[in-house]
Amino acid sequence: TLSQLQNDSLMASETQPDDFKNWVFVCHSQSDERWKDWLVKHLAVFRTPRPFTGKVTADGPIPRRVAPIISRCDTGDGASPLSEADQQALQESRYLVVICSPASAASPWVDAAVRKFKSFDREHRTLCLIVKGEPYASSRLDPIGEECLARPLKYGVDAGGEITDTPTAPAAADARPGKDGRRNAFLKLTAGMLRIDYGELKQRDHDR
């Protein structure tokens with residue numbers, strides 16, 4: 001099963017907080033542009049509840065806002081290499097959020113972006129937003145729906161960017177109907193990126 005975005009599921013990075021320029025890099029397929037717009041819009045207007053603001057985590061003090069936010073996608077041609085700008089932005093980002101759908105699972109660019117980010121030893125900084133399809137469908141004898149997780153999300157990646165044989169359980173929020181739903185999925189992602197307990201953040205959001 002997919003792990004939830006809880007504070008204790010995110011390990012301290014080997015990179016110091018000051019080395020990051022971006023708080024999050026949103027990675028998606030061109031066909032999921034509307035989901036990217038939705039996520040970036042909500043992240044841009046989100047304000048961390050004051051009881052959490054300033055508390056010190058492995059990323060330094062929790063900020064009032066999640067920023068800067070970088071978003072990039074494939075070009076839709078099926079064979080888009082990562083540009084030098086893409087690679088630099090990934091290296092300078094604390095977290096990677098992958099918008100997961102059958103389109104992104106089949107995208108060579110998304111595959112390359114995830115492998116590059118995880119090659120920096122950032123497995124526990126890689127987060128998933130499931131919007132369509134079914135996780136692990138490709139590994140089932142009788143799959144229900146299309147696979148939504150790119151292969152490097154399901155396996156470890158070494159320092160050279162090669163996928164290993166070690167299975168991983170990506171931290172995920174599920175925006176599909178009947179699952180977390182949009183608001184709860186957004187709060188799970190935000191809690192993960194700020195290292196805040198999801199239950200506490202959800203309660204604060206409910207009270208507000």
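Keep in mind that what you see is a predicted model, and the values were worked out from it rather than measured.
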Lys132, NZ atom: more than 12 neighbouring heavy atoms under 6.0 Å = no
In short, Pro152 meets Arg115 closest at the heavy-atom pair CB-CG, 3.5 Å
Value for CG (Asp174) from CD (Glu134), rounded to nearest 0.5 Å, stands at 8.0 Å
Plane angle bin for Trp38 and His42 - parallel if under 30°, tilted between 30 and 60°, otherwise perpendicular: tilted
* Should His28 and Ser104 be marked as a side chain to side chain contact (heavy atoms under 4.5 Å, CB included) after you check the CA-CA gap, both sets of side-chain angles, and the distance that decides it? -> CA-CA 6 Å; His28 63 101; Ser104 67; 6.0 Å; no
| said: Could you check whether any side-chain heavy atom of Thr126 comes within less than 4.5 Å of a side-chain heavy atom of Phe117, counting everything from C-beta outward? | reply: yes
Notebook entry, point to check: For Ile62, does its backbone N or O pair with a side-chain atom of Arg195 as donor and acceptor, under 3.5 Å?
Noted result: no
query: Between the main-chain N or O of Gly133 and the side-chain N or O of Ser101, is there a donor-acceptor pair closer than 3.5 Å?
result: no
- Message: Could you see if Ile163 belongs to whatever hydrophobic cluster contains Val110? Use Ile, Leu, Val, Met, Phe, Trp, Tyr and a side-chain cutoff under 4.5 Å.
- Response: no
For the pair Asp205 and Arg183, evaluate salt bridge (charged side-chain N to carboxylate O under 4.0 Å, His left out) and give the outcome as yes or no after the intermediate values.
CA-CA 10 Å; Asp205 182 73; Arg183 187 59 185 175; 2.6 Å; yes
Point to revise | Within 6.0 Å of CZ in Arg47, more than 12 heavy atoms from elsewhere | key: yes
Practice prompt. Kindly say whether Arg64 contributes a backbone atom to a donor-acceptor pair with the side chain of Thr53 at under 3.5 angstrom?
Written response: no
Residues 151-164 vs side chain to side chain donor-acceptor pair (under 3.5 Å), sequence neighbours excluded, gives Ser138-Lys154, Glu147-Lys154
Q.
Is any side-chain heavy atom of Arg204 closer than 4.5 Å to one of Pro51?
A. yes
Output for pair (Leu201 CG, Thr190 OG1), nearest 0.5 Å, gives 6.5 Å
**OP:** List the steps and the verdict of side chain to side chain contact (heavy atoms under 4.5 Å, CB included) for Leu96 and Arg122.
**Re:** CA-CA 9 Å; Leu96 174 69; Arg122 298 181 193 167; over 6 Å; no
- Message: Asp59 vs Arg125, test: side chain to side chain contact (heavy atoms under 4.5 Å, CB included). Steps then yes/no.
- Response: CA-CA 11 Å; Asp59 286 318; Arg125 291 179 178 271; 3.0 Å; yes
Would you call Gln91 and Phe25 a side-chain contact if the rule is heavy atoms closer than 4.5 Å?
-> no
Here the pair of heavy atoms bringing Gly54 nearest to Pro61 is O-CB, 3.8 Å
Checklist line | Short side-chain to backbone donor-acceptor contact, Asp197 and Glu200, under 3.5 Å | finding: yes
*Decide side chain to side chain contact (heavy atoms under 4.5 Å, CB included) for Trp23 and Ile69; before the verdict, give the C-alpha distance in whole Å, the side-chain angles of both, and the deciding distance to 0.1 Å.*
CA-CA 6 Å; Trp23 201 276; Ile69 303 165; 5.9 Å; no
Ala175 and Leu129 have their tightest heavy-atom pair at CB-CD1, 4.0 Å
To the nearest 0.5 Å, atom CD of Glu123 lies from atom CG of Leu153 at 8.5 Å
d(Leu189 CG, Asn184 CG) to nearest 0.5 Å is 11.0 Å
All heavy atoms of Pro170 vs all of Cys128, minimum pair found to be CB-SG, 3.7 Å
Those residues at least two apart in sequence (or on a different chain) that pass side-chain hydrogen bond (donor to acceptor under 3.5 Å, both in side chains) with Ser119 are none
Interatomic distance, CG@Leu39 vs NZ@Lys36, rounded to 0.5 Å, equals 9.5 Å
**Residue pair Phe186 / Leu43, side-chain heavy-atom distance below 4.5 Å** = yes
*asked:* Just so I know, are the side chains of Ser71 and Val24 near enough to count as touching, which here means a heavy-atom distance under 4.5 Å?
replied: no
**Study point:** Atom CD of Glu33 with >12 non-hydrogen neighbours under 6.0 angstrom
**Key:** yes
- Message: Taking CZ in Arg50 as the centre, count heavy atoms belonging to other residues, nucleotides or ligands within less than 6.0 Å. Is the count above 12?
- Response: no
Rounded to the nearest 0.5 angstrom, the SG-CG distance for Cys27 and Leu127 is 12.0 Å
#### Entry: Axial cation check for Phe20 ring with Arg94, 6.0 Å and 45° limits
no
When hydrophobic residues are tied together by side-chain contacts of less than 4.5 Å, even through go-betweens, does Phe46 share a cluster with Val40?
yes
Q) Hey, is the main chain of Ser29 close enough, under 3.5 Å, to the side chain of Asp74 for a donor-acceptor pair? A) no
All heavy atoms of Arg182 vs all of Trp35, minimum pair found to be NE-CH2, 3.4 Å
Q) Would Val98 end up clustered with Val157 when hydrophobic side chains under 4.5 Å apart are linked, directly or stepwise? A) no
Between Leu82 and Lys116, the two heavy atoms sitting closest are CD1-CB, 3.8 Å
